[in-house]
Amino acid sequence: MVDTPLREPTFLILTALAVEPMHGYGLIREVAALSEGRLSLRPGTLYGALDRLVDGGLVHIDREETVDGRLRRYYRLSPTGATTLHAETRRLRHNVDVATARLRKRARAAGPTVRRPVEGLT
Amino acid sequence: MSDLEGRYRLLLRLYPGDYRRVRGEEILGTYLDLANLNRRWPSVADAADLLAGAVRERLRAAGASDLIPGVRLAAALAFVTATGLAGLWAGAEQITANGDRSVPTFGPFATIGIVVWVAWLLVAAVDAVAGVRWTRLAIVLALVLTAAVVPVADLVGMPRPRLFHLVPQATLGLLALALLAHRPRWQRIVTLPTALGVGLSISASLAGRGAFSYRWDDGGILLTYTGVALLAVAVLTAAVLSLRGDARGLWATLVLLIPIGLLSLGPLSALTSDLVGANYPALPVIAGTAVAVVLGSAGSLAVAVAACRRGTTRGPLGDPEAAPATSCPTCGR
């Protein structure tokens, strides 16, 4: 069982796998792209996370290939993983909605900003 | 095979054999895919990543994967305790020699130890405003000062704190190096004022009493009280977390046994002294007790990990090779 709420690397790994199965190198690149370069997973960390996700039944092994003599194992999101990702996305969306509403309320309470023309420029 | 591949293979040997046979080529391939073409040696970050991954995998294979989160929890408790003690001893440093002018002091302070305690308080200040990397760097500097104060004080002929104070502080500091990178900001901010408040108020309340033995004795009852308080907090945390099926607290308690034992070194040495028939706890008795505390605590941790290993055999890719024969008493798996 993987603890929820998911940590950001776990969330992004599941998100990366939501479209299609991916191998380790592809996952590292995809997670970096999804986080706009903020999160750079290293292989030791990635495979540790994949171990936990496979143990928890959120990710399954899809297939294996050998490219240029190197083994590539592809991982895919399991139905349980998709359900967990859906639930986590709902939770995060709810938080974002609540925070956005509160910030709008705060902005309204602060009142409209009056822009005055600068003398001599109009 | 390139030099780089050979060196990555060497590092991969840190992983358990079973896991390496199934996952080794895949992990190696990913490192090589990511490596610059001209690179001949794994980077320091890659080596650290492989080492951390190997430790994690060995613990996972032993069914003790909660140990690392448990160490993180122990680190947080150790950090708060180390800061609290630094506040306490910083207050004690202002009690020079009960007015006896013939006793050497370090300026207005009792010993040169004030530098060490201020360094530990600064660690908490750094932790409140900067990231965990800076906190760890500050801890390392404080550890260096804690270790260096003994030879430096002896060299320049100045009074220093006793090892009864320095050794538990260093042990707590070493454990605090495992602090979690992302802790809530409030936790980081409250550590210093809480520790300072508790530490300074206790030392101020004891300033006029003869029982306060920062300088002349084994640290008196305060160290033991601190050890007992740390044990109580750890056990209470473990009990609360266990109700939620979370074994982190149990591992944290086991990990904390070493600093807790060292905090209680005074009474434990007196006990050992009685057991071996010595008149008083001389240095060999104290040193022997400290070694016994460290070995006994480390041994109990090793026994718990071994018990988990016997209870769970997990396959390299998460497929249990065998169902748990019995539930592990520590991690509950």
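Throughout, protein chains are lettered first and strands after them, A, B, ... in sequence-line order, and every chain is numbered starting at 1.
In summary, B/Arg20 and B/Glu26 do not engage in a salt bridge, as defined by a charged side-chain N under 4.0 Å from a carboxylate O. Salt-bridge annotation for A/Asp51 and B/Arg23: present, with a side-chain N of the basic residue lying under 4.0 Å from a carboxylate O of the acidic one.
For CD of A/Glu65, the number of neighbouring non-hydrogen atoms (other residues, nucleotides, ligands) closer than 6.0 Å is greater than 12.
Of all residues spanning residues 23-33 of chain A, those with a heavy atom less than 4.5 Å away from chain B's heavy atoms are A/Gly24, A/Tyr25, A/Ile28, arranged by number.
Side-chain contact check for B/Arg40 versus B/Arg7: some heavy-atom pair is nearer than 4.5 Å. Proximity of B/Leu256 to B/Thr81: side-chain heavy atoms (C-beta onward) are nowhere separated by under 4.5 Å. Counting heavy atoms from C-beta outward, A/Val59 and A/Ser78 have side chains that stay 4.5 Å or more apart.
Neither the backbone nor the side chain of B/Ala48 comes within contact range of chain A, judged by heavy atoms closer than 4.5 Å. Heavy atoms of A/Arg72 lying under 4.5 Å from chain B belong exclusively to its side chain. Residue contact with chain A, scored on non-hydrogen atoms closer than 4.5 Å, involves the backbone and the side chain of B/Ile27 alike. Contact of B/Leu51 with chain A is not made at all, since no heavy-atom distance falls under 4.5 Å.
Between the side chains of A/Tyr74 and A/Glu64, no donor N or O sits under 3.5 Å from an acceptor N or O.
Partners of A/Tyr47 according to the ring-ring contact (aromatic ring centres under 6.0 Å, His included) rule, which considers only residues two or more places apart in sequence or in another chain, do not exist here.
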